[in-house]
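Everything below concerns the one structure shown next.
Since this is a predicted model, take the numbers as computed values, not measurements. A, B, ... follow the sequence lines: proteins, then strands. Residue 1 opens every chain.
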Amino acid sequence: MPCPFASYKLLAMKLIITEKNQAAQRIASILSKGTAKREGGPRSSLYVFSDDSDEVKCIGLRGHIMKVDFPDEYKRWEEIEPGALVEAELVKQPAQESLVSTLKKCAKAASVIIIATDYDREGELIGLDVKRLCQEVNSNARYFRARFSALTPDEIRGAFENLKELDENLAMAGEARQDIDLIWGASLTRFLSLATSRLGQRFLSAGRVQSPTLALVVEREKEIQNVVPETYWQLSAVLEHDGATFSAVAIPKEFKDYEEAKRAFESIEDYAFVKSVEKRERQIKPPAPFNTTSFLTAASNLKVSPARAMNVAEDLYSRGYISYPRVDNTVYPESLSFRSLLESIRDSDVVGVFADELLKLRFFKPTRGRKESTDHPPIHPTSKAKKEDLSSLQWKIYELVARRFLATLSKEARARSTKVVLKSGAVEFVARGDLTIEEGFLRVYPYGRKKDEELPDISEGDVLKVVDKKIEEKKTQPPPRYSEGKLIEKMEELGLGTKSTRHTMIQNLLERGYIFGSPIRPSEMGTSVSAALRKHANPINTPEMTSNLEREMDRIVEGEISLDDVVGESRKSLSEIFSLMEERKEEIAQTIREGVRGDTVLGICPACGGELRIRVARSSKKRFVGCSSYPQCNVTFPLPQKGMIQPMGETCDACGSPIVRVITKGKRPWEICLDPECTKKKASVGTRKKKK
DNA sequence: GCAAGGTC
């Protein structure tokens with residue numbers, strides 16, 4: 001018998017599901033006009049309110065709610081041929097049991113379920129996972145999809161007044177990515193690790209994003225080593241005018257032939273004649289708003305690694321100081337009120353005064369970046385901050401974000417550049433000056449500002465005294481190694497990883513001992529793993545694997561091809577790779593082992609000039625450093641037993657022993673010289689004690 | 001103990 005109250009509105013319950021707590025809170029607040037209440041303690045992400053007499057529950061997930069994995073019987077690495085993973089079935093499991101049960105409990109009572117995850121492919125996938133879970137407990141509910149591109153009242157109301165259907169094809173495209181990443185990554189990781197007997201924590205990994213990223217670093221190192229430096233000569237002179245001196249460089253900048261350079265050099269007279277003076281004014285535009293990549297690059301320039309910068313930014317975000325830090329967008333949305341943002345940071349330490357100044361403007365003309373998307377607004381401060389409330393690193397990041405935001409609303413700077421061409425003997429010289437004449441945004445955003453290079457006031461026809469002249473031998477420079485910031489930029493350019501994962505990828509490569517140092521260099525192990533992948537599993541070593549996958553995913557979205565087709569094809573090509581790789585297993589293992597051995601060389605023995613290597617004591621199995629000239633030389637040093645040891649290529653100026661870096665998971669890397677008796681070390685320990 | 005992608 002139908003319940004007589006079935007159509008009574010109070011019995012209807014709407015369930016809204018978002019991808020993160022922040023979105024749930026905002027949506028509940030907007031739709032309820034501020035009346036929504038949090039249910040289940042301060043750390044819960046369930047919000048309840050009523051709307052047109054319906055009860056509404058809004059629940060915030062924490063990213064993906066399901067994870068994909070191999071069935072249990074594939075768990076033990078040693079007992080399964082890695083090649084077997086290529087064809088293995090995949091299973092989906094709840095990623096967070098407690099969230100799944102809360103979700104199901106709410107779904108049971110709901111008549112309408114609205115999926116309001118992020119408006120992107122992964123958001124659609126999370127949505128499909130949610131729908132499947134809810135359908136297990138409630139087959140009668142109606143499902144909708146709310147799509148919004150910002151957590152603003154207009155966008156949110158618009159999305160909920162105009163509900164759509166879940167795009168299952170888009171979700172399947174995400175599922176294809178998940179499957180392919182797991183199949184390729186896990187099978188190749190296990191193959192490399194098993195072939196070289198590196199199991200446990202020392203495993204060797206491979207993946208669609210990490211391997212091409214490692215290859216970038218390895219390739220750059222190869223380029224650097226392959227550069228045959230060309231010698232050239234450069235002439236310069238120091239000139240004087242009214243007591244002020246400046247230097248000028250001869251044209252051409254590079255003399256390839258020494259005799260020619262010498263002849264030119266010898267022709268330089270005691271005086272130089274000013275042939276021309278050219279002055280130009282130019283504008284320096286304020287920078288574009290921060291998205292994740294440009295933020296991480298800027299932080300990297302301040303010597304804060306992307307991984308740390310991201311950690312701090314997430315912390316500042318969760319405490320309300322800055323906006324959501326994972327964004328692609330570099331254009332402020334219309335809905336952002338600059339005036340109220342400026343007002344909310346005007347009491348900040350250091351940067352508040354700049355906000356005050358900007359508030360005097362009648363309207364704002366913010367800069368725009370090239371990337372415009374609708375995910376989130378560019379990173380900006382959301383409330384004032386006091387230095388004393390934050391750690392020094394937190395303050396550094398807050399200040400960077402706040403200054404950048406203020407800079408995007410500030411006036412351009414103006415600079416005057418001067419180019420002076422002079423002649424002395426047979427040689428023409430050029431001197432350049434650059435002077436900021438209007439500071440504009442540079443006052444609030446001085447990062448990376450170039451120093452003024454001032455030239456004295458010179459006019460055409462002047463005759464200046466040559467007070468010094470030089471002929472210098474120089475060498476062409478190899479391309480520079482990547483900084484972490486530059487590597488993130490390069491990854492973005494190549495489409496590798498996402499705003500949320502790029503910094504973690506680099507962190508991974510560092511923690512696994514594939515890369516090290518700043519700027520980044522590959523370890524011998526990283527180089528040999530990359531070489532092995534390039535030779536035997538090349539697709540995973542190139543950015544094209546990602547771009548090809550993107551194309552296939554687009555076809556899934558268009559309904560031209562199915563998830564199974566794409567994953568099936570992918571399995572087929574991986575299986576071909578495996579059959580060849582298994583034949584060459586010993587050869588691959590050999591190459592990588594040589595690389596690993598290469599990394600045990602820590603430097604030069606300060607006593608005999610031999611090689612200091614990491615060794616393992618036969619009896620205690622403990623590692624230590626020993627000299628390659630043993631038993632002639634019996635220099636040994638102890639080593640920390642945990643963590644990765646990497647040579648820094650430097651020696652301690654006090655004891656002459658090599659300096660190494662110790663990397664322990666979860667800790668900050670630290671550097672020490674090998675000699676525990678080193679006087680410098682004792683001194684520094686002493687000062688540290690004093691501080692306490 | 002594998003990947004990459006979300007988020008805390």
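Residues of residues 186-219 of chain A that place a heavy atom closer than 4.0 Å to DNA chain B, in numerical order, are A:Ala186, A:Thr189, A:Arg190, A:Leu199, A:Gly200, A:Phe203, A:Ser205, A:Ala206, A:Gly207, A:Arg208, A:Val209, A:Gln210. A heavy atom closer than 4.0 Å to some atom of DNA chain B occurs in A:Arg62, A:Gly63, A:His64, A:Val68, A:Asp69, A:Phe70, A:Lys75, A:Arg76, A:Trp77, A:Glu78, these being the qualifying members of residues 58-91 of chain A.
In this structure A:Ser29 satisfies the side-chain hydrogen bond (donor to acceptor under 3.5 Å, both in side chains) test with no other residue, sequence neighbours excluded. Taking the salt bridge (Lys or Arg N to Asp or Glu O under 4.0 Å) definition, one finds that A:Glu586 meets it with nothing, sequence neighbours left out. By the salt bridge (Lys or Arg N to Asp or Glu O under 4.0 Å) test, A:Glu484 pairs with no residue at all, sequence neighbours left out.
Protein atom CH2 of A:Trp184 is 19 Å distant from nucleotide atom C1' of B:dG5, rounded to whole Å. Protein atom CE of A:Met491 is 14 Å distant from nucleotide atom P of B:dA3, rounded to whole Å. Rounded to whole Å, the distance from CG on A:Leu128 to P on B:dG6 is 17 Å.
Applying the salt bridge (charged side-chain N to carboxylate O under 4.0 Å, His left out) definition to pairs two or more places apart or across chains, those involving residues 528-546 of chain A are A:Glu219-A:Arg534, A:Lys535-A:Glu587.
At the heavy-atom level, A:Gln96 lies under 4.0 Å from base atoms of the strands shown. Within 4.0 Å of A:Leu182, counting heavy atoms only, lies at least one base atom of the nucleic acid. Backbone-only contact: A:Thr498 has heavy atoms under 4.0 Å from sugar-phosphate atoms and none from a base.
Heavy-atom distances to DNA chain B give each of A:Asp118 and A:Met505 a nearest nucleotide, and the one nearer the 5′ end belongs to A:Met505.
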